[in-house]
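Data first, discussion second: the structure below is written as structure tokens.
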Amino acid sequence: MVRQIPGTTDLSVGFLSSIPWVCAVVAMYFAAKWQDQAKSKRPLLVVALLVAAAGTFAAAVTSPVLALAFPAVAAMGFKSASPLFWTIPQSGLNPQILAPAIAIINSLGNLGGFVAPFGFGLIKEQTGSVTPGLFALAAASTTAAGLVYFLKERRTDGGTAPAAVEPAAELLESK
């Protein structure tokens, strides 16, 4: 997408390609500050996923010059969503299954790191464009935001602590 901007050289493509990741670092800093102050992390995660979806969708439908700004928006959303996501399994799962659950989630995420670029390559080879892949990525992010929004938070003590904390406290008291 960056190479399609008129007048770019290999060096300028490299520098321009770093802009989304610099923006993502700044966004992650502020997302972490907001996360520390928030009572529930889920609304912040939903917003981050929707920002990522909007940036990805807009990058697919705009001119190459504007398409440089929208991947920055998408990177800010995706990178901010990652630390917010990891609070969900830790707050809602029993400590006895937490480690295997995190391993499975991490394994699936790593598998996605292989499948997505491979899929984008196939899409570009078949269609000559990555636009359908960007639409799919925006749809997946929107779907994830919907799932997080409608996923019920498990709490057992009237909403003051996650359900996973209670069994751990019982284990400590019994010893």
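Note that the structure is a prediction, hence the values are computed from the model and not measured.
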Original post:
Looking at Ile88, Ile102, Leu98, which hits side-chain contact (heavy atoms from CB on, under 4.5 Å) with Leu93?
Top reply: Leu98

**OP:** If the plane angle is over 60° it's perpendicular, under 30° parallel, otherwise tilted; pick one for Trp34 and Phe30.
**Re:**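 Trp34 vs Phe30 ring planes: tilted.
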
Donor-acceptor list for residues 129-136 side chains, cut-off 3.5 Å, not counting sequence neighbours:
{"from": "Ser129", "atom 1": "OG", "to": "Thr131", "atom 2": "N", "distance (Å)": "3.0"}
{"from": "Ser129", "atom 1": "OG", "to": "Thr131", "atom 2": "OG1", "distance (Å)": "2.9"}

Joint cluster assignment, [X] & [Y], ILVMFWY side-chain distance < 4.5 Å:
| X | Y | value |
| --- | --- | --- |
| Leu147 | Phe150 | no |
| Val13 | Leu16 | yes |
| Val115 | Phe118 | no |

**OP:** Please list, chain by chain and in numerical order, all residues satisfying salt bridge (charged side-chain N to carboxylate O under 4.0 Å, His left out) with Asp36, sequence neighbours excluded.
**Re:** none

Original post:
Do side-chain atoms of Thr87 reach the backbone of Leu84 as a donor and acceptor pair under 3.5 angstrom?
Top reply: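 Yes, Thr87 side chain to Leu84 backbone: donor-acceptor pair under 3.5 Å.
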
Nearest atoms (heavy-atom pairs only) where [X] meets [Y]:
| X | Y | value |
| --- | --- | --- |
| Ala74 | Thr56 | CB-OG1, 3.5 Å |
| Leu44 | Gln35 | CD1-CA, 3.7 Å |
| Leu49 | Ala81 | CD2-CB, 4.0 Å |
| Val73 | Gly55 | CG1-CA, 4.0 Å |
| Val46 | Tyr149 | CG2-N, 3.8 Å |
| Met28 | Ser80 | N-OG, 3.7 Å |

Would you say [X] and [Y] make side-chain contact, with heavy atoms under 4.5 Å?
| X | Y | answer |
| --- | --- | --- |
| Trp86 | Ile105 | yes |
| Ile97 | Asn94 | yes |
| Ser141 | Phe78 | yes |

Original post:
Can Phe85 and Lys41 be said to form a side-chain contact (heavy atoms from CB on, under 4.5 Å), step by step?
Top reply: CA-CA 8 Å; Phe85 164 78; Lys41 315 299 189 243; over 6 Å; no

**OP:** List, by chain and number, the other hydrophobic cluster members for Leu11, where Ile, Leu, Val, Met, Phe, Trp and Tyr join if side-chain heavy atoms come within less than 4.5 Å, directly or indirectly.
**Re:** Phe15

